[in-house]
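Accompanying notes for the structure given below.
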Amino acid sequence: MLNLKFIQDNPELVIERLAVKRFDARAIVEKVIALYQRRNEVQIVAEAQKAEMNQLSKVIGQLFKDGKASEANSAKEKTVEIKDQIKNLESEFDVIDVELAQLQVLLPNLPSPLVPEGKGAEDNLIVTTGGEIPVLPEGAKPHWELATQYDLINFELGVKITGAGFPVYKGYGARIQRALINFFLDQAREHGYLEVQPPYLVNEASGFGTGQLPDKEGQMYHDKTDNLYLIPTAEVPVTNIFRDVIVEAKDLPIKTTAYSACFRREAGSYGKDVRGLNRLHQFDKVEIVQIAHPDKSYESLNDMVLYVQTLVEKLELPYRILRLCGGDMGFTSALTYDFEVWSAAQERWLEVSSVSNFESFQATRLKLRFREEGRAKPQVAHTLNGSALALPRIVAAILENYQTPDGIRVPKVLVPYLGGCEIIR
RNA sequence: GGAGAGAUGGCAGAGUGGUCGAUUGCGGCGGUCUUGAAAACCGUUGUACCGAGAGGUACCGGGGGUUCGAAUCCCUCUCUCUCCGCCA
């Protein structure tokens, strides 16, 4: 979330930048400034009253000690009025404070100056393309048909056990999941990321910290009995490792990776986009997270994009990297690069990774700070994360792009992870 | 699920109504000593907000109450730990 003081000091900048995200912030910003000012006035008066009250209490205490009970009692009478005033001021302060907090979470993060103008996906900027689009054999099939033909994934079984969007992977279908997870984790570790295994359910504070709550409430599965949320991405538990933490500047950037299953309700998305592996309620993903110094966070972003690029290249999948336009960006992001791979039989691009710099937006919510050498005051850090990578669409692209009349070829880098298997028949 | 204990500064752990933002130890930082290090000794060491500054305010798990005054007393919620039961 945006810092209140920052909003107060830069109202026009906030409004102007959020317009790029197609968000009209004027009304909220004006309200925030008015409330913030009023809260400040109330605070000044209330604290002066409290100071007087504290002073009086000390005097009364001393009078009692000195045995001057009657003087003490008359002094007590004076406190009644002050107490009453403090109470009123405090309740006004609290009301304003709650209102401010509610308004504050309505404002999305400011997009970086690099973000292109635009309404939706069609306005995203293609910054890189790579790999070669394969020429498929006669009668090439989409991945959901291949998955059935080779008995790799059973969608109907998932429907029976749970519901749509919960596929059952079988045989090499299951093994390729495990192979990809291990491959991605090994790669991340080699690139300096510390591997962690986080919980898959998180509490409310964690959901708030990374920005899922309160706004994206309906996108997460919620266990009401214990008030826990199934994670939509490992970003949530991993980033929340650093909630309420002050780190040393010399330790930055902190690089963490985790594999997790991800759970998304995907309320309201239906149609051809959800076919097969294209959109699931449960899927696997390896996530990378960085905590960075504000001066270096765009270096980190660059580093992460280059890293993810090596993954799709090693898998030899045709890909492109998009810089998302204002209208297509997420609520919490300042700059986002999406990775898409070409799904040759569907003849469409599939998003397999989203790499973002959140700058101080999450860190402000998380109270994640760092301290420079010496006695410097703690400053808010920057957070970044990215998929590296999400599995289902990678699997879809592999099945489709690597299909041959004799079976599905296995990408070279995965062969050792599949016990030497080079082709799935 | 049953019973009990507890939640205090980076950590450990005192404090049971007043000068307590909080004793002390460890750790961290700075210094003395040393060729260097260790040891010893000395000093220092929470966060946020308000204020031009002096300084002020708040925070001892969260919320509420009693009181002139609460880390300390009362109520309530949450969480953690231990034992028993069940179970992977």
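Chain identifiers are assigned alphabetically (A, B, ...) following the order of the sequence lines, protein sequences preceding nucleic acid strands; residue numbering begins at 1 within each chain.
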query: When you compare G25(B) with G43(B), how far apart are their P atoms, in angstrom units rounded to a whole number?
result: 11 Å
message: Between U72(B) and G63(B), how far apart are the two P atoms, rounded to whole Å?
response: 13 Å
- request: Could you work out the separation of A70(B) and G18(B) based on their P atoms and round it to a whole Å?
  value: 11 Å
A38(B) and C50(B), which share atom name P, separated by this distance in whole Å: 42 Å
- request: Pick base, sugar-phosphate or nothing for Lys76(A), based on heavy-atom distances below 4.0 Å to the nucleic acid.
  value: base
message: The side chain of Lys87(A) is closest to which nucleotide in this list: G69(B), U57(B), G65(B)?
response: G65(B)
message: Give me the distance, rounded to whole Å, that separates A14(B) from U76(B) when you measure between the C1' atoms they each carry.
response: 27 Å
- prompt: Watson-Crick or G-U wobble partner for A71(B), using a 3.5 Å limit on both distances?
  reply: none
field: C1' atoms of G61(B) and G56(B), separation to the nearest Å
entry: 27 Å
task: Take nucleotides 46-52 of chain B nucleotide by nucleotide from the 5' end and write B, S or -, depending on whether a protein heavy atom sits under 4.0 Å from the base, only from the sugar-phosphate, or from neither.
output: -SSBSS-
message: Would you measure the distance from the C1' atom in C29(B) across to the matching atom in G46(B) and give it in whole Å?
response: 15 Å
query: Taking the C1' atom of each, how far is U23(B) from G9(B), in whole Å?
result: 13 Å
query: Aromatic ring centroids of His293(A) and Phe370(A) under 6.0 Å?
result: yes
query: What does Gln62(A) touch in the nucleic acid at a heavy-atom separation under 4.0 angstrom: a base, only the sugar-phosphate, or nothing?
result: base
query: Could you give the distance from CZ (Phe155(A)) to CZ (Arg275(A)), rounded to the nearest 0.5 Å?
result: 9.5 Å
- prompt: Would you say A58(B) has OP1 or OP2 under 4.0 Å from some side-chain N or O of Asn54(A)?
  reply: yes
Nearest-0.5 Å distance that lies between atom NE2 in His222(A) and atom NZ in Lys224(A): 6.0 Å
task: Classify the ring geometry between Tyr221(A) and Phe263(A) as parallel (under 30°), tilted (30 to 60°) or perpendicular (over 60°).
output: perpendicular
